[in-house]
Amino acid sequence: MNRKAGIATFLAISLALLAAAPLVNLRDDNVRTYARKLLAERNYPRLQRLLFNADFLVAEFSALTWRTGLSTSPAKVVVGQDGWLFLGDAYGDNVSQHRFGEQPGDPALAARIATNLLAWQAWLRAQGVQGFALVIGSDKHHIYREALPHWADLGRPPRVRSLLDGPARALIADPAPALRQASAQGPVPTYYRSDTHWNLYGAALSLDALRQTLAGQGVALRWPTASPPAIERVGSRIGGDLGRFLYIQERLEEPEPHPAVTNREAIDGSDIRVLETGERLEPGAFGQLQFPRHTVRVVTPGALNPLKVLWLRDSFGIAQSPLMAAAFRETIQLHWGTGFENGAQRLVELVRQQRPDLVVLTVVERGLLSDVFLTPPPQD
């Protein structure tokens, strides 16, 4: 085939696919409903984008390529071995910062954060807070290094080890050793293959790390899971966020191991509301609470401990949230970035207004050395 014939064939195929796009997209009930709405509104530009959306082609291509180790979105997703997916450089240089090692200022930054965490502990104690702990949301590639592609041997960066080896070690709940051990020894995974996060079993292991850290501070509590956690049953769910980035989320299926919880019925009895407005929120499966875009108050009458916890968390808290509800009668939840912004104004307000018994941070490992953790406590 000569060059002109090749170009003509390519154009013909492209036009055929373009013509077929509306027919494919309109098979979806939601697309048809939205298309009728746009048509009634005479919003023709948006209607055109909806009908000629080519995401289905990307999905078909991704469904073929990811099995061979190729990613259609390499900045967002790194395809590992046996179908494992990992976060790419689009999120805080997640791969490169591990491959290229420690930066010159990292040890000093870790030392400053450790000193600041100890200052926060002292201030919180002065406010009547019994315990203060930081739970690390371990990076998935650190737990499942053997599932990475051969070119990406990513260990824990030295700056994180500097924080763990520093003076604030007694405040840090690091579940990584238990997660690695459970992942290596058992047939049940602790993270989702196609998601950034740990699963419910991994969340239970992280809760056990929190138990040990608080016990080391003299805070003895009752916990809803055994130590180490037992698995009650293994269910399933569709693929996660990394699968969504590749447009193949609906095509994937993940095992969902459920930890055995002593007061499982208490989770279903939780009352979840936006703190400021009282608006009621509905949890997801197994009582999981999604990313806290507002300050959220969870009250669980059947919890094991009659305590109030101020919990600054991120998306790694989703799988932890039902276990925290089972453990504590009340949790006040917000994102740690919101809590520490503007000189930690919201964090300080909540401590003074809500008078929590405990303050817990759950922070994804790649965000652990954020500058927000240099924000000092009030000088009073």
Side-chain angles (χ1 to χ4, degrees), residues 53-103 106 109 136-161 175-176 179-180 183 189-199 202-203 206 237-255 290-291 313-319 335-337 362-372:
N53 185 299
D55 286 351
F56 70 95
L57 291 177
V58 179
E60 293 296 333
F61 188 61
S62 285
L64 293 174
T65 59
W66 77 277
R67 298 178 187 277
T68 66
L70 297 176
S71 172
T72 54
S73 184
K76 292 183 177 181
V77 182
V78 172
V79 178
Q81 302 180 52
D82 300 322
W84 281 82
L85 304 178
F86 298 89
L87 202 62
D89 265 355
Y91 298 88
D93 291 333
N94 193 58
V95 176
S96 295
Q97 70 171 346
H98 293 79
R99 294 187 71 196
F100 300 131
E102 187 175 48
Q103 301 301 309
D106 286 346
L109 176 59
I136 299 177
S138 304
D139 286 337
K140 176 178 165 181
H141 58 251
H142 175 52
I143 307 303
Y144 283 93
R145 294 178 64 178
E146 72 282 355
L148 286 162
H150 296 300
W151 56 266
D153 184 15
L154 308 180
R156 173 163 278 182
R159 58 178 174 274
V160 175
R161 294 199 299 271
L179 289 166
R180 284 197 302 270
S183 302
T190 59
Y191 281 65
Y192 300 111
R193 295 166 70 94
S194 65
D195 197 286
T196 317
H197 305 90
W198 51 39
N199 56 31
S206 75
R237 60 161 233 172
I238 64 169
D241 54 6
L242 298 174
R244 183 172 67 252
F245 293 156
L246 297 181
Y247 299 93
I248 57 174
Q249 181 181 26
E250 301 290 338
R251 299 167 184 247
L252 304 177
E253 186 175 349
E254 296 271 9
Q290 295 298 314
F291 191 96
R313 47 158 284 203
D314 50 33
S315 56
F316 269 75
I318 295 173
H335 193 277
W336 49 263
T362 297
V363 181
V364 60
E365 185 171 326
R366 65 178 180 275
L368 198 57
L369 296 189
S370 170
D371 287 348
V372 301

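What's counted below: heavy atoms across the whole structure, side chains too, no hydrogens, waters or symmetry copies.
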Is a side-chain N or O of Q81 found less than 3.5 angstrom from the main chain of L148, in a donor-acceptor match? yes

OG on S138 to CD1 on I143, rounded to 0.5 Å: 4.5 Å

According to side chain to side chain donor-acceptor pair (under 3.5 Å), who are the partners of E253, at least two apart in sequence or on a separate chain? S236

Can you check whether H142's main-chain N or O pairs, donor with acceptor, with D139's side chain at less than 3.5 Å? no

Calculate, to the nearest 0.5 Å, the distance between atoms CZ and CD1 belonging to R313 and I318 respectively. 6.0 Å

Spell out, as yes or no, whether a donor-acceptor pair under 3.5 Å connects the side chain of S71 to the backbone of V77. yes

Can you find a heavy atom in the side chain of Y192 that is under 4.5 Å from one in the side chain of P255? no

Identify the residue among L368, L369, I136 that makes a side chain to side chain contact (heavy atoms under 4.5 Å, CB included) with V363. L368

Ignoring hydrogens, what is the shortest heavy-atom contact between G202 and N199? Give both atom names and the distance. N-OD1, 2.9 Å

Restricting to salt bridge (charged side-chain N to carboxylate O under 4.0 Å, His left out), what partner residues turn up for D314, sequence neighbours left out? none

Output all residues satisfying side chain to side chain donor-acceptor pair (under 3.5 Å) with Y191, sequence neighbours left out; order by chain, then residue number. none

Taken in chain and number order and not counting sequence neighbours, the residues that satisfy side chain to side chain donor-acceptor pair (under 3.5 Å) with T196 are D241

Counting N and O atoms only, with roles assigned by atom type, does the side chain of Y144 sit under 3.5 Å from a partner on the main chain of P189, one being a donor and the other an acceptor? no

Quick check against the 3.5 Å criterion: does K140 have a side-chain atom that pairs as donor or acceptor with the backbone of R145? no

Report the residues that fulfil side-chain contact (heavy atoms from CB on, under 4.5 Å) with S194, sequence neighbours left out, ordered by chain and then residue number. L85, L252, E254

Evaluation steps, side-chain contact (heavy atoms from CB on, under 4.5 Å), between R180 and T190: CA-CA 9 Å; R180 284 197 302 270; T190 59; over 6 Å; no

Is the closest side-chain heavy-atom distance between P149 and V79 below 4.5 Å? no

What pairs with F316 under ring pair (Phe, Tyr, Trp, His ring centres under 6.0 Å), at least two apart in sequence or on another chain? H197, W198

